Structures are given as C-alpha cells and as structure tokens.
Trainee: 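Have a look at this one.
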Amino acid sequence: MKIQLFLVTVVIHCSLADYYKTKPSFINTCMKSDPDFDDCSRDAVQQLFNALGPGLPEIDLPPIDPLNIPKLRILQGEGPVNINAALDNVVVTGFGKTEVLHSQVDGKSYDFYTKVRVPKIRIEGTYDLKGKILLIPLVGRGLCWFEPSNMTIDIVSDVKMYEKGGFPFFNVTQVHVKYNIGGLKLHMGNLFDGISSLEDSTNAYLNANWKPVSESLRPILSKTIEDILLGFMQQIFHNLPANFMIGDLKTNLLKRNTDKEVND
C-alpha cells in the first residue's frame, strides 16, 4: 500500500541551546531498579502529559490541546482508499485528556512502551479532496470534522542516548503506533459542489458504516498519529535530561552529541 503523508506542525524544530538544567516540577524521577518502576513510570508519564496540555513555552513547545497543524497532505493510491487530499488550518482537541494506562522502559535499549487512552479527539479543518473511500467517489472542498472516541493507543518508541552539556539525553528516532477506537463520527461539508442530497446521504452512509471506514483509514490515521507524537517527543526529550526521569540511568549507551546523531 502506497501512502505519502506530509505533516507540517509548529513542533518540528528542536532546540539544542536551551534545555532544562534543573529538574522541572512536573517531572517525577523513577528508579529502574525499583520493583514498582512501571507504576512510577506510568504516573510520571501522566504528569508529563498533564504539563504538555497547555504547552511549555520555556522550550518552545506549543500546547497539545488544542494542537494546531497548518497543513496536512495525504496521497494514497491502493486498496479500498484512493485519496488525493489536503487539510489546512487543522485544529486537534482532546489530547489534553490523555490517560496513561501503562508505561515500560526496556532495561537495555531504553526503548519506551506506552499505552494511553483518549476519550474523544476532534479534528477540524478545511479539506480539499478527490478520491474514494469504500469505493464511494468523493469530491469536495470545504469544512470538515472527525471525532474518534474511546481511542486506545499502543506506542513503541525507538530510543538512542547521547550526551550534551554533561547531561544524558534520549533521542527518539522513531515512533510506532497501533490503535483501537470505540466509535467514529465525521462530517464533510460542501461535498459534490454542495449538492445537499448527495452530501447528506454520503455523510450518513459513512457514519453508519464507521467501522469499515475507520479500518480503511487506519494506515493514514496511524501515520498521522506517529508523526505528531514523534515531533512532540523529540522536542521534549531533546530538552529534558534523561536522568531527570530515570535516576539510575546506565550510561553505557551514551554517545557524544553531534547534530547528525541528534537528528537521526
């Protein structure tokens, strides 16, 4: 399946000059040697998500609720979905209500496994679409919204360690997600040049068949979530020393910091 997705957010740059040199109040340090590390880590990640909601201006990290995405471009040319689409001025709300269910850290590689639940996400924007979903031809340009509900997301983050200014840091190089949702509502305005009968019937059909619609859109939604999470995780972890989070961090994986390593 061929998918091209271009995501432009205000998160993508990573500051290499200003970073936390003292542990901020929203960070709870856990010890990997503690038998209750996973519980401690879950609570610590929850505190971090709570702090990310309104943003962290001291490291140029914007709010995650609402999250503003200037442009989203989607090209998918195979399978039940064939789309050439653009979303502009996208606003995503709901990530501020994220509940952290599990958090584990590999004792050797320090790769992260995190499971979260988001009760409701709303994605709003201006769309320009030509393609098909479930073999239904779709053409339109206008306002749209999507509301996945009761979403659980399994997140696996690939991590490398490096040193900067005498501190160890995590460099998140990739994020992989799997998700499930309990429901999906959507609306696309001005479908078929505003022919109301076609617009209403198509939206009604897509909502009534939200499960196969959700499955057909899964590769696109997964890639979107991965790109959003990777941007935020790189921004936060390039600015937050790793030993603030794990007190008994092993430093045998440390590399000297270079721009190439940080941006791998």
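All values below come from the heavy atoms of this structure, side chains included, with hydrogens, waters and symmetry mates left out. Model, not experiment: these values are computed from the prediction.
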Trainee: Going by the rule side chain to side chain donor-acceptor pair (under 3.5 Å), which residues pair with Gln47 if we only count those two or more places apart in sequence or in a different chain?
Mentor: none
Trainee: Considering residues, nucleotides and ligands other than Asp88, do more than 12 of their heavy atoms fall under 6.0 Å from its CG?
Mentor: yes
Trainee: Backbone N or O of Val159 within a donor-acceptor pair of the Asp111 side chain at under 3.5 Å?
Mentor: yes
Trainee: I need the Leu72 CG to Thr224 OG1 distance, nearest 0.5 Å.
Mentor: 5.0 Å
Trainee: Please check: side-chain N/O of Arg218 versus main-chain N/O of Tyr179, any donor-acceptor pairing under 3.5 Å?
Mentor: yes
Trainee: If you take all heavy atoms of Ser41 and Val105, which pair is closest and at what distance?
Mentor: OG-CG2, 4.4 Å
Trainee: With a 3.5 Å cut-off and no angle check, do the side chains of Asp248 and Ser33 form a donor-acceptor pair?
Mentor: yes
Trainee: Looking just at side-chain N and O atoms, do His187 and Asn207 make a donor-acceptor pair shorter than 3.5 Å?
Mentor: no
Trainee: Provide the closest heavy-atom pair for Phe26 versus Glu58 in the form atom of the first, atom of the second, distance.
Mentor: CE2-OE2, 4.5 Å
Trainee: Quick one: OG1 on Thr126 to NZ on Lys71, what's the gap to the nearest 0.5 Å?
Mentor: 10.5 Å
Trainee: Determine whether a donor-acceptor pair (N or O, by modelled atom type, separation under 3.5 Å) exists between the side chain of Ser201 and the backbone of Ser197.
Mentor: yes
Trainee: Can you find a pair of side-chain heavy atoms, one from Val175 and one from Met233, that are under 4.5 Å apart?
Mentor: yes
Trainee: Between the main-chain N or O of Pro241 and the side-chain N or O of Lys21, is there a donor-acceptor pair closer than 3.5 Å?
Mentor: no
Trainee: Pro168 versus Glu163: any side-chain heavy-atom pair under 4.5 Å?
Mentor: no
Trainee: Can you confirm whether Arg141 is buried at CZ, in the sense that more than 12 heavy atoms of other residues, nucleotides or ligands lie under 6.0 Å from that atom?
Mentor: no
Trainee: State whether the number of non-hydrogen atoms from other residues, nucleotides or ligands found under 6.0 Å of Lys120 atom NZ is greater than 12.
Mentor: no
Trainee: Could you list the residues that satisfy ring-ring contact (aromatic ring centres under 6.0 Å, His included) with Phe169, not counting sequence neighbours?
Mentor: Tyr19, Tyr162
Trainee: Under 3.5 Å, is there a donor-acceptor pair between the Tyr113 and Asp154 side chains?
Mentor: yes
Trainee: Can you measure from CG (Asn180) to CE (Met151) and round to the nearest 0.5 angstrom?
Mentor: 9.0 Å
Trainee: For the residue pair Val213 and Leu134, establish whether any side-chain heavy-atom pair is separated by less than 4.5 Å.
Mentor: yes
Trainee: Rounded to the nearest 0.5 Å, how far does CD1 of Ile27 lie from OG1 of Thr22?
Mentor: 11.5 Å
Trainee: Membership question, hydrophobic clusters at under 4.5 Å side-chain separation (ILVMFWY): are Tyr127 and Leu143 in the same one?
Mentor: no
Trainee: Got Ile155 and Val116 here, is their nearest side-chain heavy-atom distance under 4.5 Å?
Mentor: yes
Trainee: Charged N to carboxylate O below 4.0 Å: is that the case for Lys97 and Glu99?
Mentor: no
Trainee: Is it true that Leu198 and Val139 fall in one hydrophobic cluster, defined by side-chain heavy atoms closer than 4.5 Å?
Mentor: no
Trainee: Apply side chain to side chain contact (heavy atoms under 4.5 Å, CB included) to Thr29 and Ile246, showing your working.
Mentor: CA-CA 6 Å; Thr29 303; Ile246 301 178; over 6 Å; no
Trainee: Between the side chain of Asn203 and the main-chain N/O of Met188, is any donor-acceptor distance below 3.5 Å?
Mentor: yes
Trainee: Taking all non-hydrogen atoms of both residues, which atom of Ala51 and which atom of Leu56 are closest, and how far apart?
Mentor: O-CD2, 4.1 Å
Trainee: Passes side chain to side chain contact (heavy atoms under 4.5 Å, CB included), Lys185 versus Trp145? Steps please.
Mentor: CA-CA 8 Å; Lys185 297 179 181 179; Trp145 56 264; 3.8 Å; yes
Trainee: On the ring face of Phe244, is Lys23 found with NZ or CZ under 6.0 Å from the centre and within 45° of the axis?
Mentor: no
Trainee: Side chain of Tyr110, backbone of Lys250: donor and acceptor closer than 3.5 Å?
Mentor: yes
Trainee: For Gly194, does its backbone N or O pair with a side-chain atom of Asn190 as donor and acceptor, under 3.5 Å?
Mentor: yes
Trainee: Do Asp158 and His176 have side chains that approach each other closer than 4.5 Å (heavy atoms only, starting at C-beta)?
Mentor: yes
Trainee: Given the rule that I, L, V, M, F, W and Y join up when any side-chain heavy atoms are under 4.5 Å apart, are Leu87 and Val91 in one cluster?
Mentor: no
Trainee: Could you tell me if the side chain of Phe192 sits less than 4.5 Å from the side chain of Leu138, heavy atoms only?
Mentor: yes
Trainee: Flag yes if Met245 and Val156 sit in one hydrophobic cluster, no otherwise; membership is Ile, Leu, Val, Met, Phe, Trp, Tyr, and two members link when side-chain heavy atoms are under 4.5 Å apart.
Mentor: no
Trainee: Return the CG to CG distance between Leu129 and Asn84, rounded to the nearest 0.5 Å.
Mentor: 8.5 Å
Trainee: Is any NZ, NE, NH1 or NH2 atom of the basic residue among Lys223 and Glu226 found under 4.0 Å from an Asp or Glu carboxylate oxygen of the other?
Mentor: no
Trainee: Determine the minimum heavy-atom distance between Gln46 and Thr98, stating which atoms define it.
Mentor: NE2-O, 3.0 Å
Trainee: Go through the steps for Asn150 and Ile181 under the test side chain to side chain contact (heavy atoms under 4.5 Å, CB included), then give the verdict.
Mentor: CA-CA 6 Å; Asn150 195 24; Ile181 62 174; over 6 Å; no
Trainee: For Asp65 versus Gly94, what's the shortest heavy-atom pair and its separation?
Mentor: OD1-N, 3.1 Å
Trainee: Are Leu101 and Leu52 connected in a single hydrophobic cluster, I mean Ile/Leu/Val/Met/Phe/Trp/Tyr linked by side-chain heavy atoms less than 4.5 Å apart?
Mentor: no
Trainee: About how many Å separate CG of Leu221 and CD1 of Ile153, when rounded to the nearest 0.5 Å?
Mentor: 10.0 Å
Trainee: Quick one, Ile121 and Glu147 - any side-chain contact, counting heavy atoms below 4.5 Å?
Mentor: no
Trainee: Run through Phe167, Tyr20, Phe112, Phe232 and flag the one making a ring-ring contact (aromatic ring centres under 6.0 Å, His included) with Phe237.
Mentor: Phe112
Trainee: Please determine whether side chain to side chain contact (heavy atoms under 4.5 Å, CB included) holds for the pair Asp60 and Gln235, giving the CA-CA distance in whole Å, both sets of side-chain angles, and the decisive distance to 0.1 Å.
Mentor: CA-CA 8 Å; Asp60 297 323; Gln235 182 74 353; 4.1 Å; yes
Trainee: For Asp38 and Arg42, what are the C-alpha separation, side-chain angles and deciding distance, and is it a salt bridge (charged side-chain N to carboxylate O under 4.0 Å, His left out)?
Mentor: CA-CA 6 Å; Asp38 289 352; Arg42 180 195 63 218; over 6 Å; no
Trainee: Heavy-atom distance under 4.5 Å between the side chains of Ile236 and Leu48, does that happen here?
Mentor: yes
Trainee: If we ignore hydrogens and angles and just use 3.5 Å, is the side chain of Asp106 paired with the main-chain N or O of Ser109 as donor and acceptor?
Mentor: yes
Trainee: Shortest non-hydrogen contact from Leu184 to Pro148?
Mentor: CD1-N, 3.8 Å
Trainee: Who pairs with Cys40 by disulfide bond (SG atoms under 2.5 Å apart), at least two apart in sequence or on another chain?
Mentor: Cys30
